[in-house]
Amino acid sequence: TDTCVISVQDRAWTFYRARQKGQFAGAAFEASSDQGYSGTIRIMAGVSADDKVSGVAIIEQMETPGLGARIAEPSFTSQFRDRAIQATKWAVTKDGGDINAITGATISPRAVVEALKTGLNVYEQNKQRIAAADSKDQP
């Protein structure tokens, strides 16, 4: 597996790199937030080499069925696809951002956006290292 591990504040972030014809095509990473209504929400997110989010999937959540649990539905997760990392305000609309929350459940979407934003910040700050052909040799 083509991975790159970045340590930030005692936390290891693993970026799973994708390549096309030997060139960096993007990366996927797992992120989480403990700010969900019912606890931790874990996501898997992908970013493309042109600095767009290629997708977000909810991989763990214990939110209220029919309300916060709707964060796992395509009607919520699809709005992240193809958003430019720099040009997007990573917050729910209620907080002045670009991401639509779920009616009656703002806490859960807020936690998803927080997890994604944290992971995207780590990606942005370490993009050259993540995209490198073999970052195992780099400090």
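The basis for the numbers below is simple: all heavy atoms, side chains too, and nothing from hydrogens, waters or symmetry mates. None of these values were measured; they are calculated from a predicted model.
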Under 4.5 Å between any side-chain heavy atoms of I99 and F76, yes or no?
yes

Under the 3.5 angstrom rule, does the side chain of R83 hit a backbone N or O of Q79 as a donor-acceptor pair?
yes

Which heavy atom of G68 sits nearest to which heavy atom of S108, and what is that distance?
CA-OG, 3.3 Å

Using only atom types and a distance under 3.5 Å, with no angle test, would you say the side chain of R42 pairs donor to acceptor with the backbone of S33?
no

So which heavy atom on P109 is nearest to which on A105, and how close?
CD-O, 3.0 Å

Validation row: N100, V92 side chains within 4.5 angstrom (heavy atoms)
no

Using modelled atom types and a 3.5 Å cut-off, is there a donor and acceptor pairing between side-chain atoms of Q61 and backbone atoms of E63?
yes

S48 side chain to K52 backbone, donor-acceptor under 3.5 Å:
yes

I'd like to know if K117 and E114 make a salt bridge, using a cut-off of under 4.0 Å between side-chain N and carboxylate O.
no

R81 side chain to G55 backbone, donor-acceptor under 3.5 Å:
no

Test of understanding: clusters of I, L, V, M, F, W, Y form through side-chain heavy atoms closer than 4.5 Å, transitively. Do F24 and W13 belong to the same one?
yes

Please check this pair: side chain of S54 against backbone of G46, looking for a donor-acceptor N/O pair closer than 3.5 Å.
yes

Do T14 and E30 come within less than 4.5 Å of each other through their side chains, counting heavy atoms only?
no

Could you tell me which non-hydrogen atom of D98 sits nearest to which non-hydrogen atom of A87, and how far apart they are?
OD2-O, 4.1 Å

Interatomic spacing from CD1 in I102 to CD1 in I71 - rounded to 0.5 Å:
6.5 Å

Salt bridge between K89 and D95, side-chain N to carboxylate O under 4.0 Å?
no

Working for side-chain contact (heavy atoms from CB on, under 4.5 Å), residues M44 and I58:
CA-CA 6 Å; M44 181 65 78; I58 309 301; over 6 Å; no

Starting from the C-alpha separation in whole Å, work towards a yes-or-no answer on side-chain contact (heavy atoms from CB on, under 4.5 Å) for F15 and N126.
CA-CA 10 Å; F15 288 86; N126 298 280; 5.9 Å; no

Give the cluster check for I59 versus V56: same hydrophobic cluster or not, with ILVMFWY residues linked at side-chain heavy-atom distances below 4.5 Å.
no

Any link between V112 and M62 through a network of hydrophobic side chains (Ile, Leu, Val, Met, Phe, Trp, Tyr) touching at under 4.5 Å?
no

Heavy-atom check, side chain of Q86 versus side chain of D51, under 4.5 Å
no

Sole residue of N121, V53, T118 in side chain to side chain contact (heavy atoms under 4.5 Å, CB included) with W90:
V53

Going through the checks in order, is the side-chain contact (heavy atoms from CB on, under 4.5 Å) test met by E124 and I85?
CA-CA 9 Å; E124 288 272 275; I85 296 172; 3.7 Å; yes

Exercise: identify the closest heavy-atom pair between S32 and T40
CB-CG2, 4.1 Å

How long is the gap from CG on L116 to CD1 on I41, to the nearest 0.5 Å?
12.5 Å

Between A12 and V5, the two heavy atoms sitting closest are CB-CG1, 3.9 Å

Do V113 and Y37 share a hydrophobic cluster, counting only Ile, Leu, Val, Met, Phe, Trp and Tyr and linking them when any side-chain heavy atoms are less than 4.5 Å apart?
no

Would you indicate whether the side-chain heavy atoms of F29 and V122 approach each other to under 4.5 Å?
no

